Amino acid sequence: MAQARAIEQLAGYGPVAEQAQRVAEQARRAGDIVRRFTAMTSDYPSERAPVALNDVLRDVVDLFDHALKRARINVVLELIPDLPTVMGDARRLHELAAHLIANALQAMRGRPAPRRLTLQTVAIPETSHVAFEVSDTGLGLSADARAHLFEPFYTTKSVGLGTGLGLFVCLEIAREHRGSLAHVERPGPGATFRVELPERGPDLG
Ligand SMILES: Nc1ncnc2c1ncn2[C@@H]1O[C@H](COP(=O)(O)OP(=O)(O)O)[C@@H](O)[C@H]1O
Ligand SMILES: [Mg+2]
């Protein structure tokens, strides 16, 4: 969309500008459709209640317990005690963590050992945020994947294995909570994704 807008401005007036305008308009419509689609797939309203992220992560790991064992993946939980709670929708945050863990699992399945999934929580008092990281020792990200990770329908997986909507939805959920989601560089093989969420402020009654 940004590229089409840039072409439109460069072209000024005339047929090229008009074509570029049409491209931008269609891109916007496609974005709307995807947004409506993903809103539809979450059939509950976004709640706002105090959420303990450590508990959410433990629950998700429980959910994946069988799949993780079958793929012979070691799970390391580094959850700091007394993590401040966040305000949000526990089910949506559960969904966010589940998508990241599903990706980690898929990246490690059938790969040589060590296969390790690490879940980490940390408090960032300076910015009143809490963060959690999901790290794997899987195949890692190609330059192409790095550039397109969060785009809807971007997938490197075969049909039936990937829709390319996972990280797009994850980003939506992080933003719903006024937080962020990013792929972060860490030494060693595999990939790490980091979610930062504002900690729950003082109750003002
Ligand atoms: N943990 C990971 N390790 C390696 N590649 C990843 C990881 N997570 C995401 N990716 C890459 O990002 C792409 C998009 O991820 P996602 O939006 O979840 O869609 P999908 O999993 O359906 O392909 C994946 O196809 C893969 O190429
Ligand atoms: Mg996925």
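Quick note: residue numbers are just sequence positions, from 1. Owing to the predicted nature of the structure, the values given are computational and were not obtained by experimental measurement. Just follow the structure's listing: the first ligand is 1, and inside any ligand the first atom is 1.
When atom types are taken as modelled, the side chain of T118 and the backbone of V76 share no donor-acceptor pair closer than 3.5 angstrom. H129 contributes no side-chain N or O that, together with a main-chain N or O of P125, makes up a donor-acceptor pair within less than 3.5 Å. Judged by distance alone, the side chain of R29 and the main-chain N or O of E25 form no donor-acceptor pair under 3.5 Å. Between the side chain of R194 and the backbone N or O of L181, no donor-acceptor pair lies under 3.5 Å. Using modelled atom types, one side-chain atom of R146 and one backbone atom of L141 make a donor-acceptor pair closer than 3.5 Å. Counting only distance, with no hydrogens or angles, the side chain of R200 and the backbone of M87 share no donor-acceptor pair below 3.5 Å. Under the 3.5 Å distance criterion, the side-chain polar atoms of T155 are left unmatched by any main-chain donor or acceptor of T163. A donor-acceptor contact shorter than 3.5 Å is absent between the side chain of H94 and the backbone of L57.
In terms of protein heavy-atom proximity, atom 1 (N) of ligand 1 is nearest to D136 OD2, 2.8 Å. Looking at atom 14 (C) of ligand 1, its nearest protein heavy atom turns out to be Y154 O, 3.3 Å. Residue, atom and distance of the protein heavy atom nearest to atom 12 (O) of ligand 1 are L149 CD2, 3.2 Å. Nearest protein heavy-atom neighbour of atom 18 (O) of ligand 1: N103 ND2, 2.8 Å. Ranking protein heavy atoms by distance to atom 25 (O) of ligand 1, first place goes to T156 N, 2.9 Å. In this structure, the protein non-hydrogen atom closest to atom 3 (N) of ligand 1 is A107 CB, 3.4 Å. Nearest protein heavy-atom neighbour of atom 5 (N) of ligand 1: L141 CD2, 3.1 Å. Atom 23 (O) of ligand 1 has T155 OG1, 2.5 Å as its closest protein atom, hydrogens excluded (heavy atom only).
Salt bridge present: K69 and D65 bring a charged side-chain N and a carboxylate O closer than 4.0 Å.
For the residues A104, G166, G164, the heavy atom positioned nearest atom 22 (O) of ligand 1 is part of G164. For the residues G140, G138, S135, A145, the heavy atom positioned nearest atom 4 (C) of ligand 1 is part of G140.
Residue L100 does not touch ligand 1, judged by heavy-atom distances below 4.0 Å. By the criterion of a heavy-atom distance under 4.0 Å, the side chain of F193, and not its backbone, is placed next to ligand 1.
Note: an N/O pair closer than 3.5 Å links L167 and ligand 1 by distance alone.
Annotation: R178, atom CZ; neighbour count of heavy atoms from other residues, nucleotides and ligands within 6.0 Å does not exceed 12.
Listed by atom number, the atoms of ligand 1 under 4.0 Å from T163 heavy atoms are 22 (O).
Ligand 1 has K157 within reach: a non-hydrogen atom of the residue lies less than 4.0 Å from it.
In summary, T163 places no N/O/S atom under 2.8 Å from the Mg ion (ligand 2), failing the contact criterion.
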